[in-house]
Every structure is written in structure tokens, then in C-alpha cells.
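Only one structure is covered here, and it is reproduced in the block below.
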Protein chains: 2
Amino acid sequence: MTAPLHEGHPTGPGRALPDTQQGMRRRNLARVMHTVGAEGPLSRASVASRIGLTRAAVSTLVDELIRSGLLEELGPERPGRVGRPGSALAVSGRGPAGIGAEVGVDHLAVCAVDLRGEVRARAVRHGTNRGRAPGPVLEELASLLRLVVADAEREGLWPAGLAIAVPGLVAPDARTVVRAPNLGWHDLDLGALLPAELPLTVDNEANFGGLAELWLGEGTPRDFLHVSAEIGIGAAVVVDGRLLRGTRGFAGELGHVPVQPDGPECACGGRGCLEQYAGEEAVLRAAGLEPGEDRVGLLAGRAAAGDESVRQALRDAGTAFGVALTGAVNLLDPESVVLGGALAALAPWLLPSLREELARRTAGPACAVSVSRLGPEGPLLGAAHSVVRTVLDDPAAVAERG
Amino acid sequence: MTAPLHEGHPTGPGRALPDTQQGMRRRNLARVMHTVGAEGPLSRASVASRIGLTRAAVSTLVDELIRSGLLEELGPERPGRVGRPGSALAVSGRGPAGIGAEVGVDHLAVCAVDLRGEVRARAVRHGTNRGRAPGPVLEELASLLRLVVADAEREGLWPAGLAIAVPGLVAPDARTVVRAPNLGWHDLDLGALLPAELPLTVDNEANFGGLAELWLGEGTPRDFLHVSAEIGIGAAVVVDGRLLRGTRGFAGELGHVPVQPDGPECACGGRGCLEQYAGEEAVLRAAGLEPGEDRVGLLAGRAAAGDESVRQALRDAGTAFGVALTGAVNLLDPESVVLGGALAALAPWLLPSLREELARRTAGPACAVSVSRLGPEGPLLGAAHSVVRTVLDDPAAVAERG
DNA sequence: ACTAATTTGTAAACGGCCATGACGAAATAG
DNA sequence: CTATTTCGTCATGGCCGTTTACAAATTAGT
């Protein structure tokens with residue numbers, strides 16, 4: 001009876017359910033969950049009017065969701081208007097939880113997020129993973145995982161799935177890391193190396209960062225570019241609330257957009273790619289610094305301290321970003337561009353020249369550029385929330401397991 | 001009872017129907033129509049297995065569609081396999097038709113397409129519309145329209161809607177031409193100037209060209225860039241079978257992607273935009289030609305005749321295209337890039353340098369670049385088919401009117 | 001304080017729709 | 001000529017949202 005969830009990469013609300021009565025029921029259950037989850041405590045009547053069903057129908061849907069423990073009744077609303085007050089419904093703080101994990105270059109992190117979207121447990125281990133063998137790293141990750149799951153279970157949660165963000169390219173099976181240069185990993189099936197108790201999804205951390213921005217960002221934008229720079233310079237392209245992956249899963253390679261067609265050669269085969277001007281290495285070199293351990297922290301620190309050569313290097317990088325983003329904005333006409341991940345920390349010195357360049361090249365009002373408020377937490381939260389979304393997208397599937 | 005179709009711009013299959021039993025029924029009717037339409041004559045049983053319903057359910061759906069005149073029974077299939085042969089079903093060649101129209105710079109065209117996708121009537125008037133007042137042009141269009149509708153009706157068709165392709169920017173209401181520089185039109189509500197007998201949709205001709213490629217192109221690609229150059233250089237971005245419009249409807253402005261950041265100034269405010277190197281004017285200038293009436297034809301003619309300066313100009317334009325498309329391909333990872341519209345005629349001289357540049361800047365196999373087989377017909381066919389799609393997407397809505 | 005009006009949630013009857021299972025019809029295979 | 005397979009249809013049943021009615025709980029008006 002379970003639908004094929006977790007197939008391929010996580011995407012937006014899955015319209016994969018068949019157009020049969022049971023499929024309809026499941027979609028309506030999902031719509032109730034989403035509505036209550038997104039718009040706070042709501043009465044049955046308001047849910048009904050929002051999703052276009054009758055109160056009676058919503059009543060039965062809600063009954064089923066309450067019996068499954070996915071929704072809970074908070075009791076009568078405070079009556080402000082005329083008429084009988086409704087009974088407030090809220091997404092349950094117990095039951096299934098999404099487990100998110102991140103394998104960063106300099107840390108490991110795991111967290112548990114409940115259906116309400118709140119982080120209920122977390123564990124972090126700092127220390128570089130650059131060049132370490134995958135085995136020990138994943139064993140360490142598994143121990144953090146056990147810790148977080150135990151914490152979550154103490155709070156009445158049970159793990160509904162695990163999503164892992166990695167700094168590299170992931171195969172379409174959503175399990176295999178094709179290559180993660182900064183870790184030195186390649187062709188690694190994480191599913192085979194981790195305890196297989198949970199449905200597993202692996203994805204690029206830039207993608208999870210973009211999804212986090214989509215689900216948790218300010219103003220709930222549905223069309224934007226989320227630019228981050230952990231490995232190279234990547235952008236998550238979100239169109240109409242869906243992450244654009246491309247036919248081969250290579251979409252968002254902003255780092256290899258040509259900025260100066262006859263510029264220096266790039267490893268990708270091209271010339272004058274954005275990465276040659278705004279990549280980590282290029283900026284460090286332009287600033288006259290040696291590549292060390294915490295490169296981004298080093299840059300941010302020097303810039304904050306007033307180091308003019310670092311500031312100039314970042315200004316130039318911002319200008320290059322502006323050129324590349326002009327192309328992207330002309331092509332996609334997004335609502336906004338959001339700087340996330342490591343770029344968020346450098347934003348104060350990147351933004352002015354970036355915005356200036358973008359505005360200079362745009363007729364009319366330029367596309368808004370902002371900084372993600374999620375900062376470096378994005379990918380981890382996005383991963384955990386992606387699991388939560390699968391539950392919200394098909395509550396009936398999880399009710400059977402609970 | 002009619003659903004709000006024709007709202008806003010035409011898009012992919014509309015998932016706007018409510019999750020109620022009637023909505024389900026309507027979606028299933030649509031799925032039967034699409035399946036039969038796309039995969040030729042099919043028996044009830046094959047339709048059932050394809051869309052995941054039972055034979056009994058499909059039988060009732062088909063009955064309804066036959067009664068409405070949207071489907072017709074061709075009789076028993078030739079039995080090749082064991083078992084009782086099925087009765088072949090096909091989309092009807094009578095009934096509703098989509099009327100497409102194109103207001104080009106040098107011509108007016110109208111055609112009628114039946115539900116099978118075949119052009120059943122057409123009318124064209126050649127002659128420039130550059131700078132003519134909108135009134136007379138639209139009157140002429142209306143007369144062509146009457147001609148085509150009369151022809152179509154003689155064949156048992158009735159017009160289900162009208163879609164007009166214009167060389168310019170169209171407001172989100174899908175009726176108002178914001179500006180069409182080559183026509184000299186601005187802020188023109190076509191809905192108010194044409195007989196309002198039919199549901200009307202107006203859209204950019206580049207968008208309709210892209211949709212035509214999506215619906216009628218070879219290999220039914222779902223992720224591609226359709227590049228055309230009627231007004232400036234525009235690209236229709238198709239992602240997962242849907243046309244990407246952008247938040248303001250400005251998506252696909254490939255012409256203003258920076259190719260040389262410190263190149264010549266452009267009207268858009270930028271510098272070194274693709275249009276400065278591969279735009280019509282730029283190429284004519286580089287080739288040492290005067291802008292005349294049929295500019296593209298002139299270029300193609302000279303190039304075919306062996307004019308080396310024209311060929312060199314087109315080669316250089318192709319290289320500039322290659323640079324801009326490298327950025328686009330890196331960002332979107334499409335299945336292919338298709339050259340359509342006027343570019344199709346110039347493709348022989350553009351393609352080699354374009355492909356070379358794209359390949360040179362790509363690690364691994366470069367994105368495929370092909371030429372649309374629809375050529376200059378694309379926008380007109382796309383317009384007509386967009387109406388057909390709205391019928392296929394909700395057959396129940398039209399059955400009431402028939 | 002009392003009545004009228006309004007809104008909420010529930011229950012029962014209803015109708016629509018797809019699934020199930022059985023059956024006759026029409027072909028092939030042996 | 002019989003067994004088998006497949007197709008289309010019919011009757012039955014179960015699921016699900018709607019409709020209608022009603023009790024409960026609040027506000028507005030007198």
C-alpha cells in the first residue's frame with residue numbers, strides 16, 4: 001500500500017499518487033497537514049475553506065490524522081468573532097521526526113526536526129574530514145546519529161528517515177557520492193556503509209541549502225537563486241517552488257559561467273569562469289594569503305579587521321559575481337538572489353560591488369540580492385526538513401508505520 | 001461548473017482541479033485524452049494499463065468522451081496476438097479546434113489545429129506590419145480569422161479558443177501587449193480590439209515557439225533551451241515539460257547575458273551583452289550590410305552564395321552564442337539546446353563555431369545543439385496547440401459547450 | 001436577561017466513482 | 001475442436017466528498 005516515496009532525489013510535493021479514490025484521500029490528508037503546518041493553529045472550518053473541501057470532509061480527515069498522532073487538538077479557540085469558536089488544530093510535536101545529517105569539510109552534524117519544523121535534538125563534532133578515509137568518518141557520523149535518535153526518542157519522536165548533505169556530487173540514486181573533492185571521496189555508496197534502518201537520501205549540500213531557503217527562508221519565495229560556495233561556487237535554482245536539478249543533476253554550476261571569455265584557463269576546460277575570479281583559491285591569491293585550514297574564517301577575519309588587500313579582493317569577487325548573476329537573472333528572472341552558506345559570512349564585503357554591478361547591467365529595478373538568515377545551518381536544516389516534507393506529503397504512508 | 005481555464009499565461013498540464021471526486025473524474029478524462037492522443041490508436045485495455053485504472057473505469061470514461069465527440073471508435077484492431085482484439089480508439093478529427101494566430105513583423109498568419117494535432121485550415125498575408133497602426137492590422141487579422149474559422153467549420157470543427165503570438169512582451173493578463181518594438185506597439189489590449197467570441201490568450205512568440213518544440217519537437221524532450229531571434233535574442237526555458245516564465249515574465253532574456261563584461265554598451269544598460277555580438281544589427285554591421293527589409297533572408301542568401309564577410313560575421317556570432325550558452329547550460333543542465341525561428345535559417349553558418357565554443361568550454365560531453373524542424377512555423381503552431389492542450393487538459397469543460 | 005443571528009463541528013442520507021469479480025465475445029495455440 | 005488468452009461490459013460493493021439537518025457555543029441587539 002505504501003507509495004514509492006524516497007525514489008530519486010527529494011523534490012517538491014510529489015504528485016505521484018494515482019488518480020483513484022485512495023490517492024485522492026491521501027492527497028487531501030497531505031493538504032490538511034500542509035495547511036495546518038504552514039498557517040499555524042487552525043480550526044477545521046478554516047482548513048476546509050482554505051483547501052476547498054466541506055467541513056464534514058475535513059472532519060473525517062482530521063480525525064484520521066489525530067488517530068495517527070500527526071495532528072493534535074489544542075482545544076477551543078479564543079472567540080473574537082461571532083459564532084461558536086472553533087477547536088484549534090496543530091501539527092503534533094511527537095511522532096515522526098526527520099533526521100538530517102551533514103558531512104562538512106570541517107565538521108559532522110546531525111539533527112532531528114519534528115513535524116512542526118522545530119529542531120528537537122542535535123549533535124556536532126568539529127574537526128577536519130579532509131582526506132580522512134570514509135569508513136571512520138561514517139562510523140563517527142553513525143554514533144552522532146545514535147545520540148540524536150536516542151535524544152529524539154526520549155521526547156516522543158521516532159525517526160522517519162535520514163537525509164545526508166555532502167559537499168559533492170551525488171548520483172541520481174540519492175545514495176552514492178560520485179565525487180567530493182574536498183573530502184577526497186569518490187564513488188561511495190553511503191547506503192551500504194551506514195546502518196540501513198532508515199530510508200536514506202543523500203544529496204548535495206548546495207541543494208539542501210537551497211531547499212532550506214525555500215522552506216524556511218523569509219517571505220516564502222518560490223523563485224530564487226541560492227548561491228553558496230562550499231565546493232566551488234554552486235547555485236540552487238528554485239523555480240515555482242521546485243528545485244531544478246537538470247537532466248544529469250548538474251544544474252546550478254554558477255562557478256563555471258564565463259565571466260571573461262578570454263580569461264585564465266579553468267579546470268572545467270573553459271576560460272574565465274566565475275570561479276577564476278570569485279572562487280576561494282582565487283580570492284585568497286588575490287588577497288595575498290596562503291590557503292590554510294579555515295579559509296573563509298580567515299578572509300572574514302582579515303576583512304573585518306580592515307585589511308585593505310583582502311577587502312579589495314572581495315570587492316573584485318563581488319563584481320565578478322555581479323557579471324555572472326546578470327546572466328543568470330536575465331535567463332531566469334527570479335524573485336531574488338540569496339547568498340547562503342560560506343558566502344553569508346563574507347557578504348558584507350561582497351554585496352556592495354555585487355549589487356552595483358548587477359544594477360549597472362540591468363534596465364529598470366535590479367533583482368534583489370539578500371543574505372540567507374540560515375547561514376551555515378542551511379544544508380543541515382534542509383536535509384532534516386526534506387524528510388519532514390516526505391511525511392507531510394503523504395501522511396498515510398507514515399501512519400501505517402507509526 | 002467550468003473550471004477557470006485560460007487564466008494567466010498558458011502553461012503545462014493544469015493541476016488546478018480540486019481534489020474532489022469530480023476533479024478526479026476530470027483529471028482521468030484528461031489522462032485518457034492525452035494517452036490516446038500521444039500514443040496513437042489504442043484499445044481501452046491498453047489505455048487502462050497505461051494510466052493505472054481498471055478496464056471498467058476506462059470504459060466509462062471512454063463512453064463519455066465518445067458521447068462528447070472528443071474520441072472516436074475506429075473498430076476492431078488487427079489481431080496480432082492471442083486473445084480478443086481490442087477496439088481501436090482515436091482522438092476525433094471533428095469537434096473543437098485550436099485557433100492559432102501570429103502577428104509577425106513581415107506577415108500575418110492564422111491556422112486551425114484539430115485535437116489530433118493536425119493543421120486543418122490556414123491563411124497567411126505577407127507584407128510588413130512595421131510601424132502600421134494596430135487597428136488596421138488587427139482588422140486584417142480578424143478577416144483571416146473569419147476565413148480560417150469558416151474553413152474549419154466546413155470540416156466539422158468549431159473553434160475552442162484563440163491564441164495569438166506577438167513579437168514582444170505580453171502582460172501577465174495574457175491579453176495586453178506591453179511593447180513590441182518591431183511593430184511599434186505598446187500597451188495594447190488585444191482583447192478589446194478583437195471580436196470577443198473566443199477565449200483569448202496572447203503570448204510572446206518565443207514562448208509559443210518553445211512550447212511548439214516541447215509538444216511537436218523530435219524526441220519529445222522535456223528540458224531544453226529553445227533559442228530564437230525575432231525581437232532581440234530570446235530563449236524559451238523549458239524545465240520538466242513546463243515553460244519557465246520568471247516572476248515578472250521576463251525569463252529567457254538570453255540576449256542580455258554578458259559575453260564580454262567590458263564590451264560595447266547595450267540599450268539594456270549593460271555592456272557586452274550577447275546581442276552586441278550576435279544580434280541582427282550587430283551581425284549585419286559586421287558583415288558590412290545595410291539593414292533592409294528581409295534581413296535574415298539577406299544574410300542567409302549571401303552566406304549561401306559564399307560571401308566570406310557574411311560567413312565570418314555569422315561564425316563570430318556563433319562563437320558569442322557559444323559563450324552565452326555555456327553559462328546557460330552550466331546553470332540549467334538542459335537535455336539540449338534547440339535553435340528555432342529565424343536562427344534555424346542561419347544555423348548552417350552559426351552551428352559549427354557555436355558547437356565548437358560550447359565544447360571547448362565544457363568538461364566531458366557538451367550539451368547537444370540542434371536545429372528545430374519547425375523552423376519559422378513554430379510560434380504559430382505553438383499558439384494553436386496551446387488551445388488544443390487546454391481542451392485535452394480538461395475535456396469535461398469543453399463537452400458542456402459542444 | 002432574553003432572543004436572534006452567526007459560526008462550528010458532527011451525524012445520516014445521498015450520489016458519484018473506481019475496484020472487484022464474473023461473463024460473453026473473439027482471437028490464437030495445440 | 002478444445003483450451004487459453006485477452007477484451008469489453010455488467011452488477012456489486014466500498015470508499016469518499018457533498019448535502020442537509022441539528023446541537024453547541026458565541027456575539028449582537030433589545
Side-chain angles (χ1 to χ4, degrees), chain A residues 1 17-32 35-36 41-67 71-90 395-396 399, chain B residues 1 3 17-32 35-36 41-67 71-90 395-396 399-400:
Chain A
M1 185 68 60
L17 290 86
D19 264 319
T20 171
Q21 295 182 101
Q22 295 176 25
M24 180 176 74
R25 180 76 175 174
R26 287 166 74 170
R27 276 193 299 273
N28 282 335
L29 287 168
R31 291 212 292 165
V32 171
T35 309
V36 174
L42 241 46
S43 69
R44 291 168 176 75
S46 7
V47 172
S49 71
R50 267 159 233 255
I51 66 179
L53 297 180
T54 59
R55 298 200 306 272
V58 171
S59 261
T60 70
L61 291 165
V62 166
D63 281 357
E64 189 172 333
L65 291 169
I66 288 180
R67 271 200 309 278
L71 237 44
E72 59 189 29
E73 194 129 27
L74 298 182
E77 285 174 331
R78 276 261 304 288
R81 300 172 309 283
V82 56
R84 168 180 169 179
S87 182
L89 300 167
Chain B
M1 184 66 63
L17 291 90
D19 265 318
T20 172
Q21 293 183 106
Q22 294 176 24
M24 181 175 73
R25 180 75 175 176
R26 287 165 74 170
R27 275 192 300 273
N28 282 334
L29 287 169
R31 292 210 293 164
V32 171
T35 308
V36 174
L42 242 45
S43 69
R44 291 169 175 76
S46 5
V47 172
S49 71
R50 266 159 234 254
I51 67 179
L53 297 181
T54 59
R55 296 198 310 267
V58 170
S59 261
T60 71
L61 291 165
V62 166
D63 281 356
E64 189 173 335
L65 291 169
I66 288 180
R67 270 199 310 278
L71 237 45
E72 59 188 30
E73 192 128 27
L74 298 181
E77 285 174 328
R78 275 262 305 287
R81 301 172 308 284
V82 57
R84 170 180 167 179
S87 180
L89 300 167
E400 301 162 4

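Each chain gets a letter, A, B and so on, in the order its sequence line appears, and its residues count up from 1.
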Check the distance between [N]'s [atom2] and [X]'s [atom1] and give it to me in whole angstrom.
{"X": "M24(A)", "N": "dC15(D)", "atom1": "CE", "atom2": "P", "answer": "13 Å"}
{"X": "Q22(A)", "N": "dC18(C)", "atom1": "CD", "atom2": "C1'", "answer": "10 Å"}
{"X": "R78(A)", "N": "dT27(D)", "atom1": "CZ", "atom2": "P", "answer": "11 Å"}
{"X": "E77(A)", "N": "dT6(C)", "atom1": "CD", "atom2": "P", "answer": "20 Å"}
{"X": "Q21(B)", "N": "dG14(D)", "atom1": "CD", "atom2": "P", "answer": "16 Å"}
{"X": "D19(A)", "N": "dG17(D)", "atom1": "CG", "atom2": "P", "answer": "13 Å"}
{"X": "R26(A)", "N": "dC16(D)", "atom1": "CZ", "atom2": "P", "answer": "11 Å"}
{"X": "D63(B)", "N": "dC18(C)", "atom1": "CG", "atom2": "C1'", "answer": "15 Å"}

Inset, instruction - For T20(B) and for S46(B), locate the closest nucleotide of DNA chain D by heavy-atom distance; then report the residue assigned to the nucleotide nearer the 5' terminus. - result: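 Nearest nucleotide further toward 5': that of S46(B).
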Inset, instruction - Hey, which sits more toward the 5' end of DNA chain D by its nearest nucleotide, P76(A) or R55(A)? - result: R55(A)
Inset, instruction - Using the closest heavy atom to pick a nucleotide of DNA chain C for each, name whichever of R81(B) or A57(B) lands nearer the 5' end. - result: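 The answer here is A57(B).
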Closest to the [X] side chain: [options]?
{"X": "L53(A)", "options": "dG9(C), dC18(C), dT18(D)", "result": "dT18(D)"}
{"X": "V82(A)", "options": "dG9(C), dT6(C), dG17(D)", "result": "dT6(C)"}
{"X": "S59(A)", "options": "dA11(C), dG9(C), dA19(C)", "result": "dG9(C)"}
{"X": "P79(B)", "options": "dG8(D), dA19(C), dA27(C)", "result": "dA27(C)"}
{"X": "S43(B)", "options": "dT19(D), dC16(D), dG8(D)", "result": "dG8(D)"}

Tell me whether the side-chain N/O atoms of [X] come closer than 4.0 Å to OP1 or OP2 in [N].
{"X": "R84(B)", "N": "dT5(D)", "result": "no"}
{"X": "R44(B)", "N": "dT9(D)", "result": "yes"}
{"X": "N28(B)", "N": "dC18(C)", "result": "yes"}
{"X": "T54(A)", "N": "dT18(D)", "result": "yes"}
{"X": "R25(B)", "N": "dG16(C)", "result": "no"}

Inset, instruction - Indicate yes or no: does E73(B) engage R44(B) in a salt bridge with an N to O separation below 4.0 Å. - result: yes
Inset, instruction - In plain terms, say whether R27(A) and D19(A) are close enough for a salt bridge, that is, a side-chain N and a carboxylate O under 4.0 Å apart. - result: yes
Inset, instruction - Indicate yes or no for a side-chain donor-acceptor contact from T20(A) to the backbone of G23(A) under 3.5 Å, with no hydrogens or angles considered. - result: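 Side chain of T20(A) to backbone of G23(A): no pair is present.
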Inset, instruction - Return yes if some donor-acceptor pair links the side-chain N/O of R31(B) with the main-chain N/O of I51(B) below 3.5 Å, else return no. - result: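 Between the backbone of I51(B) and the side chain of R31(B) there is a qualifying donor-acceptor contact (under 3.5 Å).
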Inset, instruction - Work out which heavy atom in L65(A) is nearest to a heavy atom in P395(A); give both atom names and the distance. - result: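 So the two residues come closest at CD2-CB, 3.8 Å.
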Inset, instruction - List the steps and the verdict of side-chain hydrogen bond (donor to acceptor under 3.5 Å, both in side chains) for S49(B) and S46(B). - result: CA-CA 5 Å; S49(B) 71; S46(B) 5; 6.0 Å; no
Inset, instruction - Using a 4.0 Å heavy-atom cut-off across all strands, classify A56(A) as base, sugar-phosphate, or nothing. - result: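 Answer is base: heavy atoms of A56(A) come under 4.0 Å of a base.
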